Amino acid sequence: MSFYETNFGFRKPYNILVDGTFCISALKGQVDILLQVGKYLGGEVTVATTHCALRECFQLGPTLSGAHKILKKFKRHKCGHENAALDAGSCFKSHGGGGEPGTLRHRHPG
């Protein structure tokens, strides 16, 4: 992470957005998201989700009910799509610059 801190201005706590797919994988692998992601990234993390990710997970039905319960426990990042929800991937891209170099938006509370 030191590369990202130096070159892109990332700083701790790292803000992580998660969706239902990530949560279902964590469930299957018996991974404690808050604990393991922080260890993997080597620092404190703030895990959040968006209205779009919650809605998508709910709409996918009972198969993802466990993931939906996990998502509801995380802080909800205001994505601005509350009136016209996007799929989680599109929503997340709108907060990260769409993957284009140099366009990452760093949003830290406070």
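Residues: numbered from 1 along the sequence shown. These numbers were taken from a predicted model, which means no experiment stands behind them.
Two different hydrophobic clusters hold Leu86 and Leu17 under the rule that ILVMFWY side chains link at heavy-atom gaps under 4.5 Å. Neither Ile24 nor Leu35 shares a network with the other; the hydrophobic side chains, linked directly or stepwise wherever heavy atoms of I, L, V, M, F, W or Y lie under 4.5 Å apart, form separate groups for each. Clustering ILVMFWY residues whenever any of their side-chain heavy atoms sit less than 4.5 angstrom apart, transitively, puts Ile16 in the very cluster that holds Leu34. Phe58 and Phe22 fall into different hydrophobic clusters, where Ile, Leu, Val, Met, Phe, Trp and Tyr side chains are chained together by heavy-atom contacts under 4.5 Å. Transitive grouping of hydrophobic side chains (ILVMFWY, heavy atoms separated by less than 4.5 Å) brings Leu27 and Ile33 into a common cluster.
Taken to the nearest 0.5 Å, the NE2 atom of His77 stands 8.5 Å off from the CG atom of Asn15. Here the CG-CD distance, from Leu64 to Gln59, works out to 11.5 Å after rounding to the nearest 0.5 Å. Residue Lys72 holds its NZ atom at 10.0 Å from SG of Cys57, rounded to the nearest 0.5 Å. Taken to the nearest 0.5 Å, the OG1 atom of Thr21 stands 6.5 Å off from the CD atom of Glu56.
With contacts defined as side-chain heavy-atom distances shorter than 4.5 Å, the pair Tyr14/Glu44 does not qualify. Contact of the His68 side chain with the Leu54 side chain is registered, since non-hydrogen atoms from C-beta on lie closer than 4.5 Å. Side-chain contact between Phe74 and Cys23: present, with at least one pair of heavy atoms (C-beta onward) separated by less than 4.5 Å.
Partners of Ser90 under the side chain to side chain donor-acceptor pair (under 3.5 Å) rule, at least two apart in sequence or in another chain, are Asp87. For Lys69, there are no side-chain contact (heavy atoms from CB on, under 4.5 Å) partners at least two apart in sequence or on another chain.
Shown here for Ala67 and Gly20, the closest heavy-atom pair between the two residues is CB-O, 3.6 Å. In plain terms, the two heavy atoms of Lys12 and Gly42 that are nearest each other are NZ-O, 3.4 Å. Minimum interatomic distance between Thr50 and Arg76 (heavy atoms only, all atoms of both residues): C-CG, 4.2 Å.
Ring pair Phe8/Phe3 is perpendicular by interplanar angle, where above 60° counts as perpendicular and below 30° as parallel.
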Is there a side chain to side chain contact (heavy atoms under 4.5 Å, CB included) between Val18 and Leu71 once you walk through the steps? CA-CA 8 Å; Val18 297; Leu71 277 180; 3.8 Å; yes

